[in-house]
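Residue numbers start from 1 in every chain, and the chains themselves are labelled A, B, ... in the order their sequence lines are given, proteins ahead of strands.
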There are 2 protein chains.
Amino acid sequence: MTVRPFLHPAIEDITVESLLHALSDPVRVAIYANIVAQDCAQNCSTFLHVLNRPIPKSTLSQHFRILRESGLIHSERHGVEVRNTSRCAEVDARFPGLMASIVKAHMIELEQAAAKKIPARHSAKSTTKRSPRSA
Amino acid sequence: MTVRPFLHPAIEDITVESLLHALSDPVRVAIYANIVAQDCAQNCSTFLHVLNRPIPKSTLSQHFRILRESGLIHSERHGVEVRNTSRCAEVDARFPGLMASIVKAHMIELEQAAAKKIPARHSAKSTTKRSPRSA
DNA sequence: TCAATAGTTCGTATTTTCGGAACTATTGAA
DNA sequence: TTCAATAGTTCCGAAAATACGAACTATTGA
């Protein structure tokens with residue numbers, strides 16, 4: 001079987017739904033954040049180990065397809081490898097501020113998680129409360 | 001079987017991942033947008049018909065659970081019905097600007113979709129392009 | 001020509017989601 | 001009080017999406 005060509009949606013076909021779906025998975029968020037942060041293209045195998053665990057090649061390939069087909073990244077074959085760059089300028093032109101606020105929100109969450117691991121000064125106790133009138 | 005009480009995450013337990021997952025479904029987005037837009041609580045059965053199609057009660061119940069457990073809405077039993085309000089003030093306190101930018105992006109998308117249905121002035125042809133170096 | 005590398009595709013197992021049917025809880029009559 | 005109506009939940013089987021090992025393809029550099 002031949003390798004199918006990459007499909008990249010045109011800017012005007014990018015949907016909020018698919019962007020949010022693409023970023024609702026922690027592995028994909030980690031990959032996307034890394035691609036955005038680096039200023040040179042990243043190949044897929046850079047991410048065979050992410051979030052402190054190994055990701056199988058086949059799974060990784062699917063994650064890249066989802067990121068690509070949502071419009072978040074652009075993939076290009078260069079010889080034996082695939083180089084990925086973010087399409088954040090395009091996405092930002094279509095949905096101004098969206099990606100920035102999502103990335104910012106992730107950073108807030110990561111900072112909080114880091115703060116919790118350090119001795120815990122005030123220990124903002126993480127409770128799951130119940131609705132007063134339920135039950 | 002007794003009805004389980006509603007579970008609402010505490011603010012600090014709300015994660016970006018679950019927020020994005022909750023909003024990566026068009027029915028849930030429609031429900032959430034409506035709840036945010038109204039200034040009084042909405043009961044579930046308001047949404048038995050959404051996006052021009054009927055939603056089965058059992059499915060609707062699951063959608064509400066996902067919105068609730070992601071932290072986007074607060075549900076409270078009032079007699080025979082359940083009243084839902086958005087928790088956007090809380091969510092905005094935790095992740096400033098996030099929800100606003102997502103709602104704004106959805107509005108941009110809806111405007112574009114509406115513009116396409118009107119006779120199509122320039123007919124921004126919606127193409128799915130291929131990567132130049134692939135194939 | 002061949003081995004190594006990078007990634008894709010296939011097929012199966014697991015997980016998630018959908019939706020009909022049966023159920024629970026509350027209310028407002030009769 | 002009983003009873004029907006209403007609002008929603010839960011159960012469970014079907015369908016769809018996801019995960020990942022194994023086999024494959026394509027490119028490159030001995």
Original post:
Between atom CG in A/Asp25 and atom P in C/dT15, what is the gap in whole Å?
Top reply: 16 Å
**OP:** Kindly compute the distance separating CZ (A/Arg83) from CD (A/Glu76), expressed to the nearest 0.5 Å.
**Re:** 8.5 Å
Original post:
Quick one: stems for DNA chain D, with Watson-Crick or G-U pairs under 3.5 Å, at least three in a row?
Top reply: C:1-30 with D:1-30
**OP:** If a pair satisfies side chain to side chain donor-acceptor pair (under 3.5 Å) and one of its residues is in residues 94-105 of chain A, list it, with sequence neighbours excluded.
**Re:** A/Arg94-B/Gln112, A/Ser101-B/Ser101
**OP:** Output the residues of residues 41-63 of chain B in contact with DNA chain C, where contact means a heavy atom of the residue under 4.0 Å from an atom of the strand; sort by number or write none.
**Re:** B/Pro56, B/Ser58, B/Thr59, B/His63
Original post:
What's the CD-P distance between A/Glu76 and C/dT8, to the nearest Å?
Top reply: 14 Å
Taking distance alone, no hydrogens or angles, what donor-acceptor pairs closer than 3.5 Å link side-chain atoms of residues 40-51 of chain B to residues at least two apart or in another chain?
unit_1	atom_1	unit_2	atom_2	d
B/Gln42	NE2	B/Cys40	O	3.1
B/Asn43	OD1	B/Thr46	OG1	2.7
B/Asn43	ND2	B/Glu81	OE1	2.8
B/Thr46	OG1	B/Asn43	O	2.9

Original post:
If you measure from NE2 on A/His8 to CD1 on A/Ile73, what distance do you get to the nearest 0.5 Å?
Top reply: 7.0 Å
**OP:** Between C/dG7, D/dA7, D/dT18, spot the one nearest the side chain of A/Val82, thanks.
**Re:** C/dG7
Original post:
Taking atom C1' of C/dG7 as reference, at what distance in whole Å does atom CZ of A/Arg77 sit?
Top reply: 8 Å
Subject >> Residues clustered with A/Met107, ILVMFWY side-chain links under 4.5 angstrom >> reply: A/Val103
Subject >> Fellow cluster residues of B/Val80, listed by chain then number, with links counted only when side-chain atoms sit under 4.5 Å apart >> reply: none
Subject >> Results of side-chain hydrogen bond (donor to acceptor under 3.5 Å, both in side chains) for A/Asp92 - residues two or more places apart only >> reply: none
Subject >> Length of the NE2-C1' vector between A/His78 and C/dT5, whole Å >> reply: 17 Å
Subject >> For A/Thr15, side-chain hydrogen bond (donor to acceptor under 3.5 Å, both in side chains) partners two or more places apart >> reply: A/Ser18
Original post:
Just how far, in rounded Å, is P of D/dG8 from CZ of B/Arg83?
Top reply: 10 Å
For residues 65-72 of chain B, tabulate all N or O donor-acceptor pairs below 3.5 Å that involve a side-chain atom, not counting sequence neighbours.
unit_1	atom_1	unit_2	atom_2	d
B/Arg65	NE	B/Gln62	OE1	3.2
B/Arg65	NH1	B/Glu69	OE1	3.4
B/Arg65	NH2	B/Gln62	OE1	2.9
B/Arg68	NH1	B/Ser75	OG	3.0
B/Ser70	OG	B/Ile66	O	3.4
B/Ser70	OG	B/Leu67	O	2.9
B/Ser70	OG	B/Leu72	N	3.4

**OP:** May I have the distance from B/Phe6 (atom CZ) to D/dT9 (atom C1'), rounded to whole angstrom?
**Re:** 9 Å
Original post:
Of A/Phe64 and A/Val80, whose closest DNA chain C nucleotide lies nearer the 5' terminus?
Top reply: A/Val80
Original post:
How many Å lie between CG on B/Leu67 and P on C/dT17, as a whole number?
Top reply: 12 Å
Original post:
For the pair made of CZ in A/Arg65 and P in D/dT18, what is the distance, rounded to whole Å?
Top reply: 8 Å
